Engineer: 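Got a structure for you, written out below as structure tokens; questions coming shortly.
The residues of the chain are indexed from 1 along the displayed sequence. Quick caveat: nothing in here was measured; it's all calculated off a predicted structure.
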Amino acid sequence: NYPAQTRISSSSKDLSRIGVMLSGEADLIKYDFDGYRNIIEHLGEQDLFGHIFLQPFDDNDMEVISTTACEVLYFDYEHLIKRCESACWHHSLLVNNVLQIFSAKTRRLHSRIEILSQRSIRSKLMIYFNHLSFKNHSDHFTLPFTLNSMADYLFIDRSAMLREMKKLREEGLIESKGRHVTIHFDH
């Protein structure tokens with residue numbers, strides 16, 4: 001169990017463990033060379049994290065920080081990939097569940113690539129809001145981040161993002177108050 005705003009994991013430690021978020025939310029954070037915080041992934045219930053997922057290209061440290069109180073289950077990576085001698089049903093179920101979670105993670109990361117590949121702040125915001133609307137089955141939703149964290153998640157300047165959100169409000173494409181957003185454009 002971890003309280004809010006606590007380091008849950010670091011990519012330079014916990015090299016052989018995989019974490020499963022049982023409850024709560026956390027952010028996978030990486031700092032760039034200039035010290036700016038980037039939210040690589042927002043983790044929620046049933047999300048996986050660990051060294052195997054964190055270190056694809058370089059040695060820069062990443063960390064998982066809880067944004068709410070969290071409960072995490074850890075298991076050793078070796079126990080996942082090596083079958084037990086009796087080939088028990090429980091192990092097969094564990095592998096199946098991890099593959100299902102990994103498949104969902106892959107779909108979310110594909111959506112994230114679509115958002116980040118947009119060339120303008122406006123397009124990033126509209127695609128991101130569209131994804132949140134689809135995920136919540138509603139044109140009205142609550143952002144999973146503060147506005148500061150959303151800018152870090154979208155890799156955009158906060159001031160420029162707020163200016164663009166103001167334009168979207170003035171054009172009637174969105175309504176927003178704090179973290180509550182309603183979109184008025186086609187999905």
Engineer: Mind checking whether Val181 and Leu162 sit in one hydrophobic cluster, side chains of I, L, V, M, F, W, Y counted as touching below 4.5 Å?
Structural biologist: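 Linked, Val181 and Leu162 end up in one cluster.
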
Engineer: How far does CG of Leu116 sit from CD of Glu114, to the nearest 0.5 angstrom?
Structural biologist: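 The distance works out to 10.5 Å.
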
Engineer: With rounding to the nearest 0.5 Å, note down the distance linking CG in Leu154 to CD in Gln118.
Structural biologist: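 So the gap between those two atoms works out to 11.0 Å.
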
Engineer: Backbone N or O of Ser120 within a donor-acceptor pair of the Ser123 side chain at under 3.5 Å?
Structural biologist: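 The answer is no, because no donor-acceptor pair under 3.5 Å joins these two groups.
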
Engineer: Hey, is OH on Tyr36 packed in by over 12 heavy atoms from elsewhere, all under 6.0 Å?
Structural biologist: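 For Tyr36, atom OH is not crowded (no more than 12 foreign heavy atoms under 6.0 Å).
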
Engineer: Do Leu99 and Leu48 land in one hydrophobic cluster if side-chain heavy atoms of ILVMFWY residues count as linked below 4.5 Å?
Structural biologist: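 Yes; Leu48 is reachable from Leu99 via cluster members.
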
Engineer: CG of Asp157 to CG of Asp152: how many Å apart, nearest 0.5 Å?
Structural biologist: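 One finds 10.0 Å between CG of Asp157 and CG of Asp152.
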
Engineer: Does one side chain, of Arg107 or Ser103, offer a donor that lies under 3.5 Å from an acceptor on the other?
Structural biologist: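 Result is yes, a qualifying pair exists.
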
Engineer: Report yes or no: does Arg179 contribute a side-chain atom to a donor-acceptor pair with the main-chain N or O of Leu143 at less than 3.5 Å?
Structural biologist: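 A pair under 3.5 Å: yes.
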
Engineer: Centroid-to-centroid, His42 to Phe145, below 6.0 Å?
Structural biologist: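 Yes - the distance between ring centres of His42 and Phe145 falls below the 6.0 Å cut-off.
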
Engineer: Do Val20 and Leu109 share a hydrophobic cluster (ILVMFWY, side-chain heavy atoms under 4.5 Å, transitive)?
Structural biologist: no

Engineer: For Pro3, does its backbone N or O pair with a side-chain atom of Ser66 as donor and acceptor, under 3.5 Å?
Structural biologist: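 It does hold such a pair.
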
Engineer: Please round to the nearest 0.5 Å and tell me the distance separating atom CZ of Arg37 and atom CG of Asp27.
Structural biologist: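 Atom-to-atom, Arg37:CZ and Asp27:CG are 6.5 Å apart.
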
Engineer: Would you say that Val64 contacts Leu28 through its side chain, given a criterion of any heavy-atom pair below 4.5 Å between the two side chains?
Structural biologist: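 Counting from C-beta outward, Val64 and Leu28 do come under 4.5 Å.
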
Engineer: Provide the closest heavy-atom pair for Met150 versus Phe129 in the form atom of the first, atom of the second, distance.
Structural biologist: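 In terms of heavy atoms, the two residues are closest at SD-CE2, 4.2 Å.
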
Engineer: In this structure, which one of Lys30, Lys105, Arg112 forms a side chain to side chain donor-acceptor pair (under 3.5 Å) with Glu41?
Structural biologist: Lys105

Engineer: Can you name the nearest heavy-atom pair linking Tyr128 to Pro144, along with the distance?
Structural biologist: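 Looks like OH-CG, 3.4 Å.
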
Engineer: In the single-linkage hydrophobic clustering (I, L, V, M, F, W, Y; side-chain heavy atoms under 4.5 Å), do Ile40 and Ile113 co-cluster?
Structural biologist: no

Engineer: With the side chain counted from C-beta on, respond yes when Phe155 and Asp32 share a heavy-atom pair under 4.5 Å apart, and no when they do not.
Structural biologist: no

Engineer: Looking at every heavy atom in both Phe49 and Met21, which two are closest together, and how far apart are they?
Structural biologist: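 So the two residues come closest at CE2-SD, 3.8 Å.
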
Engineer: Hey, is the main chain of Gly24 close enough, under 3.5 Å, to the side chain of Thr68 for a donor-acceptor pair?
Structural biologist: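 It does not hold such a pair.
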
Engineer: Any idea which heavy atoms bring Ser133 and Ser138 closest together, and the distance?
Structural biologist: OG-O, 2.8 Å

Engineer: Heavy atoms, side chains only, cut-off 4.5 Å: are Arg122 and Leu168 in contact?
Structural biologist: yes

Engineer: Rounded to the nearest 0.5 Å, what's the gap from CD1 on Ile29 to CD1 on Ile65? Could you check?
Structural biologist: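 With rounding to 0.5 Å, CD1 (Ile29) is 5.5 Å from CD1 (Ile65).
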
Engineer: Restricting to non-hydrogen atoms, name the atom on Val72 and the atom on Gly19 that form the minimum distance, rounded to 0.1 Å.
Structural biologist: CG1-CA, 4.2 Å

Engineer: Measuring from Glu164:CD to Ile174:CD1, what's the distance to the nearest 0.5 Å?
Structural biologist: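 That separation rounds to 9.0 Å.
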
Engineer: Of all heavy-atom pairs between Glu45 and Leu22, which one has the smallest distance, and what is that distance?
Structural biologist: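 Nearest heavy atoms, Glu45 then Leu22: CG-O, 3.3 Å.
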
